[in-house]
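Comments concern the structure below.
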Amino acid sequence: MINKYKLFLIFLLVMGGNLASAQAREDTAQDSTKMQWFGDAKLGIFIHWGIYAVNGIPESWSFFNNYISHEDYMKQLKGFTANKYKPEEWARLIKGSGARYAVITTKHHDGVALWDSRMGGINTKKHTPAKRDVLTPFVEALRKEDLKVGLYYSLPDWSYDDYDVHTRAKKRYALAEEPRRWKKFLHYYQGQLRELSKNYNPDLYWFDGDWEHSAEEWQSERVREMLLGYNQNVIINSRLNHYGDYATPEQGVPVVRPQAPYWELCLTMNDSWGYAPHDHHYKSPNQIIRTFADCIGKGGNLLLDIGPKPDGTIPAEQVNILQELGRWTSKHEEAIYGTVAGIPAGHFYGSTTLSPDRKTLYLFVESRDVEAVRVQGLGSPIKSIKVVGSNASGKYEQQGNTTAITVPASAFDKDMTVLALGFEEPLKLASPEPDKVELEMLQKPGKLEAAQRSRIIRQLADNLQAGHNPFQNTALQPDGSQVKELKIADAGVAGWVRKHAEAMYKANPGLPAGHYNGPTSLSEDKQTLYLYVEGKPTGPLAIKGLKNKLQRIRVVGNGTLLGHELFNKQYWSDVPGIAYVSVPEDLLDKDLTVIAVLLDGPVQLYREEVKPIESN
């Protein structure tokens with residue numbers, strides 16, 4: 001028989017479990033609520049500022065990798081003046097770019113803090129000619145501009161005497177042998193985090209370097225609870241041994257949408273995080289705008305990096321990029337902020353976003369002067385179409401499974417046009433499979449109007465992408481010499497097929513969605529990739545997630561050779577960079593241009609999740 005004491009214990013256990021479950025549900029709801037501003041913000045600016053800007057060398061990694069001695073690296077302290085630093089101008093520039101938050105490096109792996117820390121260590125006030133805390137005025141300037149404040153903090157401190165790691169080749173001690181030294185370091189770094197929380201109450205913490213120790217060694221759970229104790233709504237990135245709130249892929253633009261509900265791509269404008277005067281390999285504003293669209297279309301954010309000079313000025317190239325980005329974001333803000341990830345891949349050749357109620361679909365168009373913008377498999381009737389940022393509207397025709405939207409020529413944006421499709425109901429989708437083009441259809445008598453011809457040719461490209469080739473097992477040869485035997489009725493279509501026959505001869509289906517914003521096909525040996533180019537691209541063609549080397553690129557039908565430029569390929573990472581191919585306007589076909597890309601072997605694609613970089 002159970003006595004009253006045992007019953008009381010059982011009651012306490014049950015109630016404790018229920019309370020714990022209720023608390024867990026409350027925390028989950030709180031986390032969802034606190035992440036709302038981050039999910040809506042879409043764009044942030046990353047700032048790598050430190051003594052590494054003096055000589056323009058890689059931040060911290062220079063001495064860690066023994067490219068320079070620690071002693072010589074630290075001589076840069078003498079050149080950090082901040083004598084032209086105007087934090088209010090920084091904040092206005094950041095806000096003007098369209099960013100809703102900024103993240104600044106309060107302390108990188110080299111241990112040099114931008115504020116006057118009472119915990120000791122190296123900082124800009126005590127150890128540089130700047131003789132000032134440069135963090136506080138910037139945080140204040142961000143607050144005045146109503147921007148969210150993010151603080152980057154390096155968990156490792158390779159200059160601190162009681163941190164175990166000094167360089168890649170040298171450790172100061174082993175934790176198991178000298179636990180007191182490790183305990184001293186824990187007190188130091190956690191004390192600095194307490195200072196940052198008390199002094200600045202940041203909206204976001206951006207940790208880095210967690211790979212050097214386990215969660216238990218860093219006391220990651222304890223650190224998270226401590227930070228939440230100061231501000232229960234503070235957001236923490238994933239680099240606290242997964243005790244964070246969102247994922248942080250680095251440099252490589254994700255081809256496949258990350259699994260995390262919230263994520264942010266951190267990206268450099270050139271090849272450097274900090275200021276590097278000799279690094280002129282800048283992406284164009286157009287390339288960055290398109291990368292930004294890729295991120296928000298997949299439900300993520302872009303954290304775009306700048307590297308100020310040691311005097312506190314921002315390089316002119318970076319200022320220009322932020323201003324051009326601001327021009328575009330201010331024009332198209334309704335399609336950016338507060339939206340959610342767009343429709344699944346395969347429905348549209350490009351990025352898309354949706355309003356939270358799914359009654360507005362935004363299409364991001366990378367070309368101008370296209371005969372019609374096409375989207376496949378819309379299952380809800382369209383109520384309205386407008387060109388975002390202008391008074392222009394679009395008209396549409398339904399052609400089988402394809403919605404063809406015509407846009408006034410004057411309404412195209414110089415970088416990326418955005419169309420807003422309105423619906424009476426939350427958007428429903430049907431299969432994105434294109435209507436099949438059969439050879440018999442092309443043989444039907446009758447001359448086509450220019451618009452009809454263009455749409456049939458692009459529909460043909462859609463079919464090749466999907467693996468349906470109407471010229472399979474026909475007389476068509478790679479040089480187009482037998483095209484007359486196909487008896488294609490319209491001379492314009494026949495001429496286009498003859499000119500581009502090699503792209504259709506024994507063609508394989510194209511790349512999966514996400515690698516290129518347009519139709520593609522592959523040669524019989526899968527070693528030549530064909531890119532179909534609609535209209536006039538506003539910038540270079542972008543090929544993402546291609547592991548192969550590009551051997552030769554040419555315009556099909558006239559043989560003109562083209563060059564390419566690779567961005568964001570890190571030599572230590574297996575994540576491919578983005579290959580950009582510029583096509584001169586005078587080489588574009590009036591109906592549909594085809595570019596042949598010869599690879600170093602059968603096509604190989606990178607479709608894994610992009611991760612943080614743990615080496616440099």
Side-chain angles (χ1 to χ4, degrees), residues 31 34-35 37-39 41-50 52 59-61 90-91 94 99-115 117 134-136 138-139 142-143 147-157 189-190 192-197 199-213 215 218 220 223-224 226-228 230-231 233-251 258 260-269 273-274 295 300-308 610-614 616:
D31 285 348
K34 80 174 187 179
M35 294 302 294
W37 76 259
F38 180 82
K42 306 304 179 187
L43 180 63
I45 299 300
F46 212 177
I47 303 157
H48 276 71
W49 196 30
Y52 37 84
E59 58 290 331
S60 309
W61 296 95
W90 283 22
I94 290 168
R100 298 292 172 89
Y101 63 107
V103 178
I104 187 169
T105 49
T106 66
K107 188 187 78 168
H108 207 269
H109 312 322
D110 60 11
V112 181
L114 298 187
W115 83 101
S117 175
V134 294
L135 178 61
T136 300
F138 179 61
V139 172
L142 289 179
R143 298 284 192 213
L147 294 167
K148 297 288 187 181
V149 174
L151 301 183
Y152 169 107
Y153 183 86
S154 167
L155 294 167
D157 187 330
Y189 104 78
Q190 291 174 19
Q192 285 198 324
L193 290 175
R194 289 188 182 92
E195 283 183 350
L196 292 173
S197 293
N199 294 346
Y200 306 111
N201 189 29
D203 302 289
L204 182 151
Y205 271 106
W206 213 100
F207 288 108
D208 202 10
D210 63 347
W211 57 82
E212 286 204 334
H213 289 284
W218 288 124
S220 299
V223 168
R224 177 181 174 85
M226 175 184 76
L227 300 179
L228 291 173
Y230 286 105
N231 178 0
N233 290 317
V234 73
I235 292 172
I236 300 170
N237 77 333
S238 59
R239 303 186 189 191
L240 189 62
N241 303 98
H242 307 292
Y243 280 90
D245 302 304
Y246 69 94
T248 53
E250 185 168 340
Q251 294 287 43
Y262 298 96
W263 62 273
E264 165 196 79
L265 172 69
C266 47
L267 184 79
T268 54
M269 291 183 174
W273 292 105
C295 290
N301 291 10
L302 174 64
L303 186 64
L304 182 64
D305 182 69
I306 60 174
V610 178
K611 303 292 185 182
I613 292 172
E614 299 184 358
N616 209 329

**4.5 Å side-chain heavy-atom contact, Asp305 and His48** = yes
**Message:** Let's go through Leu267 and Leu302 carefully: what are the C-alpha distance in whole Å and the side-chain angles of both, what is the deciding distance for side-chain contact (heavy atoms from CB on, under 4.5 Å) to 0.1 Å, and is it a yes or a no?
**Reply:** CA-CA 7 Å; Leu267 184 79; Leu302 174 64; 3.9 Å; yes
**Prompt:** How far apart are the C-alpha atoms of Tyr101 and Trp37, what are their side-chain angles, what is the distance that settles it, and do they pass the ring pair (Phe, Tyr, Trp, His ring centres under 6.0 Å) test?
**Reply:** CA-CA 10 Å; Tyr101 63 107; Trp37 76 259; 5.6 Å; yes
**Request:** Go through the steps to decide whether Tyr200 and Trp115 satisfy the test ring pair (Phe, Tyr, Trp, His ring centres under 6.0 Å), and finish with yes or no.
**Result:** CA-CA 11 Å; Tyr200 306 111; Trp115 83 101; 7.3 Å; no
**Message:** Using side-chain heavy atoms (C-beta onward) and a distance below 4.5 Å, is Asn237 in contact with Tyr246?
**Reply:** yes
**Prompt:** Is Trp273 close to Phe46 at the side-chain level, that is, under 4.5 Å between some pair of heavy atoms?
**Reply:** yes
**Message:** Would you compute the distance between atom CD of Glu250 and atom SG of Cys266 and round it to the nearest 0.5 angstrom?
**Reply:** 4.5 Å
**Complete:** In short, Pro202 meets Val234 closest at the heavy-atom pair O-CG2, 3.4 Å
**Message:** Tell me whether Gln251 contacts the main-chain N or O of Thr268 through its side chain, where contact means a donor paired with an acceptor under 3.5 Å.
**Reply:** yes
**Prompt:** Rounded to the nearest 0.5 Å, what separation is found between the CH2 atom of Trp211 and the CG atom of Asn241?
**Reply:** 11.0 Å
**Request:** List the atom of Pro249, the atom of Trp263, and the distance in Å for their closest heavy-atom pair.
**Result:** CG-CE3, 3.8 Å
**Prompt:** Any idea which heavy atoms bring Thr248 and Ser238 closest together, and the distance?
**Reply:** OG1-OG, 3.1 Å
**Prompt:** Is the backbone N or O of Trp49 less than 3.5 Å from a side-chain atom of Thr105, with the two atoms forming a donor-acceptor pair by type?
**Reply:** yes
**Request:** Measure the CD1-OH distance between Ile104 and Tyr153 for me, rounded to the nearest 0.5 Å.
**Result:** 15.5 Å
**Asked** Is any side-chain N of the basic residue among Arg239 and Asp210 closer than 4.0 Å to the acidic one's carboxylate O?
**Response** no
**Message:** With side-chain contact (heavy atoms from CB on, under 4.5 Å) as the criterion, how do Leu227 and Ser197 come out once you've worked through the C-alpha distance, each side chain's angles and the decisive distance to 0.1 Å?
**Reply:** CA-CA 7 Å; Leu227 300 179; Ser197 293; 3.5 Å; yes
**Asked** What's the spacing between Glu212 CD and Asp157 CG if we round to 0.5 Å?
**Response** 10.5 Å
**Message:** Is it the case that the side chain of Asn233 and the backbone of Lys34 share a donor-acceptor pair, with hydrogens and angles ignored and the cut-off at 3.5 Å?
**Reply:** no
**Prompt:** Are the side chains of Leu193 and Phe207 in touch, meaning some heavy atoms are under 4.5 Å apart?
**Reply:** yes
**Prompt:** Can you say whether the rings of Trp61 and His109 are parallel (under 30°), tilted (30 to 60°) or perpendicular (over 60°)?
**Reply:** perpendicular
**Request:** Measure across Val103 and Leu151 and return the closest heavy-atom pair with its distance rounded to 0.1 Å.
**Result:** CG1-C, 4.2 Å
**Prompt:** If you round to the nearest 0.5 Å, how far is CD1 of Ile47 from CD1 of Ile306?
**Reply:** 4.5 Å
**Message:** When you compare the side chain of Pro308 with that of Trp90, does any pair of heavy atoms fall below 4.5 Å?
**Reply:** yes
**Item:** Minimum heavy-atom distance Ser117-Glu195, with the two atoms named
**Value:** OG-OE1, 2.9 Å
**Message:** Under a 3.5 Å threshold, yes or no: a donor from one side chain and an acceptor from the other, between Asp245 and Tyr262?
**Reply:** no
**Request:** Could you grab the distance from atom OG1 of Thr106 to atom CZ of Phe138, nearest 0.5 Å is fine?
**Result:** 12.0 Å
**Fill in**
Leu155 and Tyr189 have their tightest heavy-atom pair at CD2-CE1, 3.6 Å
**Asked** Where the side chain of Asn301 meets the backbone of Gly44, is there a donor-acceptor pair that is under 3.5 Å apart?
**Response** no
